[in-house]
Amino acid sequence: MTQQDGALSPQALGIDGCRGGWVWIGNQDERWCGGVVGRLEQLRPLLAEARLTLIDMPIGLLDGGRSERPCDREARALLGRPRASSVFRPPCRATLAVADQGYSRACEVNREATGVALSQQTFNILPKMQEVDALLQHHPGLREQVRESHPEVCLWWLNGRQPMRFNKRASAGERERRQVLRTHSRQLEATVDRMMTEYLRRELALDDAIDAAVLAFAARRILQCGTAGSLPRQAPTDSLGLPMAILLPPG
């Protein structure tokens, strides 16, 4: 499961979905490690040990209504165009239950509850959203330290409150994000490069590894500061008590 040191118990973790399942990168002191697992449940021992995990996946979900989660609206306003498009509208909770019934059925359920259908991109990650939701329902003790974040929001903070100029899958976007990582931690960039040599492209794409690295760095900074920024500042909770908030470093 670990990419470097099997005895390492990272205190700060960043997790993103990837082709092979989930990519994670963690930090303890000045050491970075990472890996890919097929199922999020496989990371539960690390999640239980870590003080903070930031994951790029919606956690708290609305039951219905035409309004969006405030955190998504605020994240789009913060990023502006064109990066605002990276913050998608999550489905309502009932849509998770029909993820295995096809795109048309998922759109029907979501439209009935919220007035809008789903994008194909959102539908494609419903199984991963189910994994996160199941993990936090079955293991409520993880709710405090496993929190939602967004790589582009964290990059905005890392880049002096300026959003990325280019799409993350474009060559210019890759260079731009690498430069941000390099500015803050050459060791973290080296960890990303090492992971890209150890996993096949059908398992791990570079943009997903960079996203996990950005989240890991943000989690580490939050721990160092002893507090987190939050979109919105006063986060509502969903019907299951899960916070609807996107965390980022403070200041």
Side-chain angles (χ1 to χ4, degrees), residues 1-57 59 86 125 127-128 131-132 135 139 142 145-155 157-159 164 168-169 173-224 228 247-249:
M1 181 166 62
T2 58
Q3 176 238 2
Q4 288 181 304
D5 183 353
L8 187 63
S9 296
Q11 296 301 291
L13 285 170
I15 301 177
D16 191 28
C18 68
R19 295 166 182 170
W22 299 90
V23 54
W24 65 274
I25 291 180
N27 173 268
Q28 184 177 42
D29 301 322
E30 295 304 317
R31 295 183 294 171
W32 297 93
C33 59
V36 173
V37 296
R39 301 285 296 176
L40 189 61
E41 180 68 24
Q42 293 172 258
L43 289 177
R44 187 158 58 89
L46 287 185
L47 298 176
E49 291 285 338
R51 293 171 58 198
L52 178 63
T53 297
L54 296 183
I55 186 167
D56 180 20
M57 200 61 60
I59 289 182
S86 66
I125 66 168
K128 283 187 165 54
E131 286 191 63
V132 176
L135 179 79
H139 307 285
L142 294 177
Q145 66 259 44
V146 178
R147 299 297 302 273
E148 176 183 350
S149 189
H150 196 289
E152 294 298 321
V153 170
C154 292
L155 281 162
W157 177 84
L158 287 167
N159 195 41
M164 297 289 96
K168 67 180 183 177
R169 293 186 176 89
E174 174 189 318
R175 291 192 298 269
E176 183 180 35
R177 286 158 178 77
R178 277 186 174 278
Q179 181 58 49
V180 172
L181 278 184
R182 189 177 305 124
T183 298
H184 290 278
S185 175
R186 288 184 177 273
Q187 295 93 335
L188 181 53
E189 185 190 20
T191 297
V192 169
D193 289 337
R194 189 162 51 246
M195 291 176 67
M196 296 310 299
T197 68
E198 295 182 358
Y199 291 95
L200 300 174
R201 295 301 175 270
R202 66 171 180 265
E203 298 174 296
L204 179 62
L206 178 59
D207 61 285
D208 294 326
I210 291 175
D211 282 351
V214 167
L215 294 174
F217 190 91
R220 178 174 179 254
R221 184 57 61 89
I222 289 170
L223 292 179
Q224 290 172 333
L247 294 196
L248 71 160

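Not one N or O on the side chain of Q179 forms a donor-acceptor pair closer than 3.5 Å with the backbone of E176. Put simply, the side chain of R19 never gets that close to the backbone of G17: no donor and acceptor are under 3.5 Å apart. Judged purely by atom type and a 3.5 angstrom limit, E49 has no side-chain atom pairing as donor or acceptor with the backbone of S9.
Within the 4.5 Å cutoff, the side chain of Q187 has no heavy atoms near those of the R31 side chain. You'll find the side chain of V180 reaches within 4.5 Å of the side chain of L155, heavy atoms only. Using a 4.5 Å heavy-atom cutoff, the side chains of L40 and V132 are in contact. Looking only at side-chain heavy atoms (C-beta outward), D16 and W22 stay at 4.5 Å or farther from each other. No side-chain heavy atom of I25 sits under 4.5 Å from any side-chain heavy atom of L215. Contact annotation: the side chain of L43 approaches that of W24 to within less than 4.5 Å [non-hydrogen atoms, C-beta and beyond]. Side-chain contact between M57 and I125: present, with at least one pair of heavy atoms (C-beta onward) separated by less than 4.5 Å. Taking 4.5 Å as the limit, some side-chain heavy atom of L142 sits within range of a side-chain heavy atom of H139.
Taken to the nearest 0.5 Å, the CE atom of M164 stands 11.0 Å off from the OG atom of S86. Considering CG of L247 and CG of L54, their distance stands at 6.0 Å, rounded to 0.5 Å. Summarising the geometry, atom CG belonging to D56 is positioned 7.5 Å from atom OG belonging to S149; distances are rounded to the nearest 0.5 Å. Here CG of D208 is found 6.5 Å from CZ of R169. Values are rounded to the nearest 0.5 Å. Note that CE of M195 and SG of C18 are 8.0 Å apart. Values are rounded to the nearest 0.5 Å. Note that CG of D211 and CD1 of I15 are 13.0 Å apart. Values are rounded to the nearest 0.5 Å.
Between E189 and R178 there is a salt bridge, since a side-chain N of the basic residue sits under 4.0 Å from a carboxylate O of the acidic one. Taking a cutoff of 4.0 Å between a charged side-chain nitrogen and a carboxylate oxygen, E198 and R194 do not qualify as a salt bridge. At a threshold of 4.0 Å, the pair K128-E131 does not count as salt-bridged, since none of the basic side-chain nitrogens sits closer than that to a carboxylate oxygen. Comment: R177 engages E152 in a salt bridge, judged by a side-chain N to carboxylate O separation of less than 4.0 angstrom.
What you find for Q145 and L47 is that their closest heavy atoms are NE2-O, 3.7 Å. Nearest heavy atoms, Y199 versus G35: OH-CA, 3.3 Å. In terms of heavy atoms, I222 sits closest to A228 at CG2-CB, 3.7 Å. Among all heavy-atom pairs drawn from I59 and V146, the shortest one is CD1-O, 3.8 Å. Heavy atoms only, all atoms of each residue included: C33 and P10 are closest at SG-CG, 3.6 Å.
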(message) Between R147 and T53, is the side chain to side chain contact (heavy atoms under 4.5 Å, CB included) condition met? List the steps.
(response) CA-CA 6 Å; R147 299 297 302 273; T53 297; over 6 Å; no
(message) Could you go through V214 and L158, starting from their C-alpha distance and side-chain angles, then the distance that decides it, and tell me whether this counts as side chain to side chain contact (heavy atoms under 4.5 Å, CB included)?
(response) CA-CA 9 Å; V214 167; L158 287 167; 3.9 Å; yes
(request) Any chance you could lay out the side chain to side chain contact (heavy atoms under 4.5 Å, CB included) test for N27 and Q11, step after step, and finish with the verdict? (result) CA-CA 6 Å; N27 173 268; Q11 296 301 291; over 6 Å; no
(request) Determine, step by step, whether I210 and K168 satisfy the side chain to side chain contact (heavy atoms under 4.5 Å, CB included) criterion, reporting the C-alpha distance in whole Å, the side-chain angles of both residues, the deciding distance to 0.1 Å, and the verdict. (result) CA-CA 9 Å; I210 291 175; K168 67 180 183 177; over 6 Å; no
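At most 12 heavy atoms of other shown residues, nucleotides or ligands fall within 6.0 angstrom of atom CZ in R39.
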